[in-house]
Amino acid sequence: MTDENLYNIRMRASAGGNHLSGAERIVCAENIDEIARGLLARSRSKESFPDQVTIHIERLQDQPIRYLTALNVLTIRVSDMHSGRDAAARILEYAGVSGLAATKALTLLSAGASPSGKAMRGAIIMDAGSGERLEPDQERGVRASRFDWTGEAFATVDSRLTALSLAHHRTREALSLATKVAHAPAVVAELCWSDDPDYIAGYVASLPTGYVRIPVLKQSQDPKGGRVIFVDPAVLNLASLINYLETDPVLINAVGEINKEMSLPFYFELLAQR
Ligand code: PML
């Protein structure tokens, strides 16, 4: 894949004005038709049929691609949503998020983070110390975009995740997004769980912790979810962070460690040994 020949393809589906699904890829010109067909098929695979689907195809003109290695992955064993959220708060604190901000983020995601109560298409940007929300549009949030795996890294991550029964496309896509986000200037950590009522897993991700999957972060059939990106205000330039997240193209060309499920105390022991 040469950098000059790359295109970003984005799919967004909505029904009744509400966001239903979205996905995106970075591909070579010769793969555009096949990938666009796949994204279109995905827009129709939800129970509620979309009344609007947008496929946006854009050449990544003159934009240098940043190549990254995926964050290391592990899963924390939790028994229910409460122990899942408790684990998330403790891992966020290890990454440098204050207890106040972690609690605020968990409360916002569980209550519905946008002022209208709809799912936000993008992420909340939160001061990792005070918990103050910093994204300019609280209804929309800031959407990380323009990231994907190279073909080789995709095949590797897919087979290694599948070997651990983590074959869902959401895990693979979230890992690539979280890798881009964790390498952003001023980012301390990220917390996410899905707004898909059928998908109850989520994660905490950061450079020091890696991508920590938490299999249960909400009750089944709960439509609330989203992302919070915690930032260090002392080094934050909000405009350049948003620019990096929304427009800088990132390709993941290498896969990190992919570990089995472990308990939270065992994970903290591993971190202490590093
Ligand atoms: C989403 O994009 O809907 C969030 C996906 C969270 C994935 C958690 C995982 O399976 O690792």
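Ligands are counted one by one from 1 in listed order, and the atoms in each one are counted from 1 as well. Only a predicted model underlies this, so the values are computations on that prediction, with no experimental measurement involved.
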- Item | Minimum heavy-atom distance between P215 and I76, given as atom pair plus value | CD-O, 3.0 Å
- Message: Under a 3.5 Å distance rule, please check whether K180 uses its side chain to pair with a backbone N or O of D248 as donor and acceptor.
- Response: yes
- Message: Has N72 got a side-chain atom pairing as donor or acceptor with E257's backbone, closer than 3.5 angstrom?
- Response: yes
- Taking only residues two or more places apart in sequence or in another chain, which ones pass salt bridge (charged side-chain N to carboxylate O under 4.0 Å, His left out) with E132? none
Give every donor-acceptor pair under 3.5 Å between a side-chain atom in residues 260-274 and any protein atom, sequence neighbours left out.
{"residue": "E261", "atom": "OE1", "partner": "R77", "partner atom": "NE", "Å": "3.3"}
{"residue": "S263", "atom": "OG", "partner": "F266", "partner atom": "N", "Å": "3.2"}
{"residue": "Y267", "atom": "OH", "partner": "T209", "partner atom": "O", "Å": "2.9"}

- Task: Could you pull out every protein residue that has a heavy atom closer than 4.0 Å to ligand 1, ordered by chain and then number?
- Result: R170, T171, A174, C192, S194, Y199, G202, Y211, R213, R227
- Item | Sequence neighbours excluded, every pair satisfying side chain to side chain donor-acceptor pair (under 3.5 Å) that has a member inside residues 85-109 | none
